[in-house]
Amino acid sequence: MNIKSVRGVHDILPAEAPLWQRLESAARRVFGAYGYREIRLPLFERTELFARGIGEVTDIVQKEMYTFADRTGESLTLRPEATASVLRAYIEHGLHVQPKPVKLYTMGPMFRYERPQAGRYRQFHQLDVEAIGEDHPAVDAEVIGMLVRFFAELGLADRLALHINSLGDGVCRPAYRERLVEYLRQHAARLCAECRDRTERNPLRVLDCKKPECRPVLDQAPSLLDFLCDPCADNFTRVRAYLDAMGIRYVVDRRLVRGFDYYVRTAFELLTTELGAQNAVAGGGRYDGLVALLGGPPDAATGFAIGMERVVLLLGGTTTPCPPAAFLIPLGDQALTRLLAVAQEVRERGVPIELGYGTRKLRAELERAHRLGVDHVVIVGETELGREEAIIREMKSGSQRTVRLASLGDELAALPERASSTGATALRSEGAAACEVGSAAVTSPEHP
RNA sequence: GUGACCGUAGCUCAAUUGGUUAGAGCACUGGACUGUGGCUCCAGGGGUUGAGGGUUCGAUCCCCUUCGGUCACCCCA
């Protein structure tokens, strides 16, 4: 039996990889402009880190972690999210001595043992951002502004809605929670079984229930926003004022909640209606208690995570490779030897070259060149070799010219540039179909 | 973890109530066309019908199990 990939994981094939490169380069560009620096982290940590950092009673820790014992018997876990690792590194390497806030981003795969579904996988990827050591509401607004800018950069701004809320803090939330539980118990008869159960376990999440029969009760439920203590209310007002000043549109969504106690005040999500049940493309908020909980200084922190698969789904489509500048067709072994050397030289100069291997008929090679979409083809057979010449054929017109074999490299390097030399996206000269060059595409200094 | 639907070639899909050698298009390779592409035609390579078991003279089709996919619940990115 053939070996197949594991459930819930997927390969990112060449047709799709340029989309990911586009995401990654947009992230580096945008986050860099806001002063964020990349941190690269291990994919697994001691299980204890996640158990403490995410919360023992959460679904993630209770049933979704990829946990295993290494050879010494120590319990390790593939990271289900990045925040705990970022903070662990922040504490472990004393990054807290740097000017605050310490602004970090990281990206890569996360692992959760869940049933796969549209926009949800067992190995998935996140872009993760954390601003640590500053509790000013402007940091929340600034981080949200960066998130919005990132999606604007990708052309997705008008397909996403920004929802924000305030979760209060350790002073005002307990009082609200008590009040909410009281209300939910009163109206338990009109709630679904799940909501009745959650009323005791995790009352804030009840507000999240999507079942229509629960809506009337939940819509009338007391709102956390009405219970915010003065400092939290002021904080939320200021966050919104900053967002308004930046011209960022949002809706205050009082159903937006977080499961863990260390989340305080600002919470936000970017939502879409285009991905089925998985409507959150990015989510974040403030978690002032977490650094201390993990054994660090009492530093405040705020941040967000972007689900990369979900962004790629929104971007949609696939890409076709950009054609090389020229296709070299040797006829026979001797010609191949010469053209291989020429190709090596021209590629050194950053010009993409495709090369035949002299094993097929000229006709077949030309057909292949045509299908690759190349503009120029070089033909060198016995005749040309004998004269130290090469034929350069312009495919569209069919016109050919003969050049000295010795100067073929210069001729090829001087071919008009088709691909955009700046971005990761270029248009084919035919105009219709877009093609992609790798984000590492090089333009040689001699040919800007 | 629960539920529904679905697995046939690299891709998109066929295959009479269960019927003998599982087909087509696209893609790939070659030929018609000895060293000159786009069009056309022909041919070829490719499949343990996801896997395992069962019923049957006979299973892609019916049954069971399992793996995977899709969607939803749960939860989240």
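Reminder, nothing fancy here: chain letters follow the sequence lines and each chain counts from 1.
- When the C1' atom is compared between B:rC62 and B:rG19, the two are found 15 Å apart, to the nearest whole Å.
- Across residues 26-40 of chain A, not one residue has a non-hydrogen atom less than 4.0 Å from an atom of RNA chain B.
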Check residues 149-158 of chain A and write down every donor-acceptor pair under 3.5 Å in which the side-chain atom is one partner and the other belongs to a residue at least two apart or another chain.
from: A:R149; atom 1: NH1; to: A:E153; atom 2: OE1; distance (Å): 2.7
from: A:E153; atom 1: OE2; to: A:R29; atom 2: NE; distance (Å): 2.9
from: A:E153; atom 1: OE2; to: A:R29; atom 2: NH2; distance (Å): 3.0

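- Between B:rU29 and B:rU60, the distance separating the two P atoms is 33 Å to the nearest Å.
- What separates NE2 of A:H163 from P of B:rA77 is a distance of 16 Å, to the nearest Å.
- A 6.0 Å sphere centred on CD of A:E274 holds more than 12 heavy atoms belonging to other residues, nucleotides or ligands.
- One can place CG of A:D11 at 13 Å from P of B:rC11, the figure rounded to the nearest angstrom.
- A salt bridge between A:E64 and A:R115 is absent, with no side-chain N of the basic residue lying under 4.0 Å from a carboxylate O of the acidic one.
- The residues A:D253 and A:R255 are annotated as not salt-bridged, no charged nitrogen and carboxylate oxygen being separated by less than 4.0 angstrom.
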Identify all side-chain donor-acceptor contacts of residues 300-314 of chain A below 3.5 Å with residues at least two apart in sequence or on another chain.
from: A:T302; atom 1: OG1; to: A:D140; atom 2: OD2; distance (Å): 3.2
from: A:T302; atom 1: OG1; to: A:G285; atom 2: O; distance (Å): 3.2
from: A:E309; atom 1: OE1; to: A:H125; atom 2: N; distance (Å): 2.8
from: A:E309; atom 1: OE2; to: A:H125; atom 2: N; distance (Å): 3.4
from: A:E309; atom 1: OE2; to: A:H125; atom 2: ND1; distance (Å): 2.8
from: A:R310; atom 1: NE; to: A:G119; atom 2: O; distance (Å): 2.8
from: A:R310; atom 1: NH1; to: A:A280; atom 2: O; distance (Å): 2.7
from: A:R310; atom 1: NH2; to: A:G119; atom 2: O; distance (Å): 3.1

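- Regarding A:K4, its NZ atom lies at a distance of 12 Å from the P atom of B:rG52, rounded to whole Å.
- Taking atom CG on A:L256 and atom C1' on B:rC76, their separation rounds to 12 Å, with Å as the unit.
- Rounded to the nearest Å, the gap between the P atom of B:rG35 and that of B:rG31 is 8 Å.
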List every contact pair, protein side and nucleotides 70-73 of chain B side both N or O, where the distance is under 3.5 Å.
from: B:rC71; atom 1: OP2; to: A:A118; atom 2: N; distance (Å): 2.8
from: B:rA72; atom 1: OP1; to: A:A277; atom 2: N; distance (Å): 2.9
from: B:rA72; atom 1: OP2; to: A:Q117; atom 2: NE2; distance (Å): 3.2
from: B:rC73; atom 1: N4; to: A:R120; atom 2: NH2; distance (Å): 3.2

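- Spacing between B:rG50 and B:rG10 at atom P, rounded to whole Å, works out to 12 Å.
- With contacts defined as side-chain heavy-atom distances shorter than 4.5 Å, the pair A:I391/A:V380 does not qualify.
- Under the 6.0 Å distance and 45° angle rule, A:R240 counts as a cation-pi partner of A:F236.
- Between the CZ atom of A:F124 and the C1' atom of B:rC76 there is a distance of 8 Å, rounded to whole Å.
- Rounded to whole Å, the distance from CG on A:L372 to C1' on B:rG38 is 14 Å.
- A gap of 40 Å separates the P atoms of B:rU2 and B:rU20, to the nearest Å.
- The same atom, C1', is picked in B:rC26 and in B:rA77; the two are 36 Å apart, to the nearest Å.
- At a cut-off of 3.5 Å, with distance as the only test, a side-chain donor of A:S85 or A:E45 sits close to an acceptor on the other residue.
- Here A:G284 lies out of heavy-atom contact (under 4.0 Å) with every strand.
- If you take CD of A:E367 and C1' of B:rC39, they are 11 Å apart, rounded to a whole angstrom.
- At a cut-off of 3.5 Å, with distance as the only test, a side-chain donor of A:E394 or A:S397 sits close to an acceptor on the other residue.
- As rounded to the nearest Å, B:rG54 and B:rA72 have P atoms that lie 38 Å from one another.
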Given the rule in the salt bridge (Lys or Arg N to Asp or Glu O under 4.0 Å) test, do A:R347 and A:E345 qualify, once you have shown the distances and angles that lead to the verdict?
-> CA-CA 6 Å; A:R347 286 161 170 165; A:E345 179 217 321; over 6 Å; no
RNA chain B base-pair string [pairs: Watson-Crick or G-U under 3.5 Å; |: paired with another strand] = (((((((..((((.....[...)))).(((((.......))))).....(((((..]....))))))))))))....
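- The C1' atoms of B:rU17 and B:rG7 are separated by 24 Å, rounded to the nearest whole Å.
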Step by step, work out the ring pair (Phe, Tyr, Trp, His ring centres under 6.0 Å) result for A:H10 and A:Y121.
-> CA-CA 8 Å; A:H10 61 292; A:Y121 310 95; 4.7 Å; yes
Please produce a list of atom pairs where a protein N or O lies less than 3.5 Å from an N or O of nucleotides 27-36 of chain B.
from: B:rC28; atom 1: OP2; to: A:R371; atom 2: NH1; distance (Å): 3.1
from: B:rU29; atom 1: OP1; to: A:R360; atom 2: NH1; distance (Å): 2.9
from: B:rG31; atom 1: OP1; to: A:K361; atom 2: NZ; distance (Å): 3.3
from: B:rA32; atom 1: OP2; to: A:K361; atom 2: NZ; distance (Å): 3.1
from: B:rC33; atom 1: O2; to: A:R363; atom 2: NE; distance (Å): 2.7
from: B:rC33; atom 1: O2; to: A:R363; atom 2: NH1; distance (Å): 2.6
from: B:rC33; atom 1: O2; to: A:R363; atom 2: NH2; distance (Å): 2.3
from: B:rC33; atom 1: N3; to: A:R363; atom 2: NH2; distance (Å): 3.1
from: B:rG35; atom 1: O6; to: A:E382; atom 2: N; distance (Å): 3.3
from: B:rG35; atom 1: O6; to: A:T383; atom 2: N; distance (Å): 3.0
from: B:rG35; atom 1: O6; to: A:T383; atom 2: OG1; distance (Å): 2.6
from: B:rG35; atom 1: O6; to: A:E384; atom 2: OE1; distance (Å): 3.4
from: B:rG35; atom 1: N1; to: A:E384; atom 2: OE1; distance (Å): 2.7
from: B:rG35; atom 1: N1; to: A:E384; atom 2: OE2; distance (Å): 3.1
from: B:rG35; atom 1: N2; to: A:E384; atom 2: OE2; distance (Å): 2.9
from: B:rU36; atom 1: O2; to: A:R393; atom 2: NH1; distance (Å): 2.9
from: B:rU36; atom 1: O2; to: A:Q400; atom 2: OE1; distance (Å): 2.9
from: B:rU36; atom 1: N3; to: A:Q400; atom 2: OE1; distance (Å): 2.9

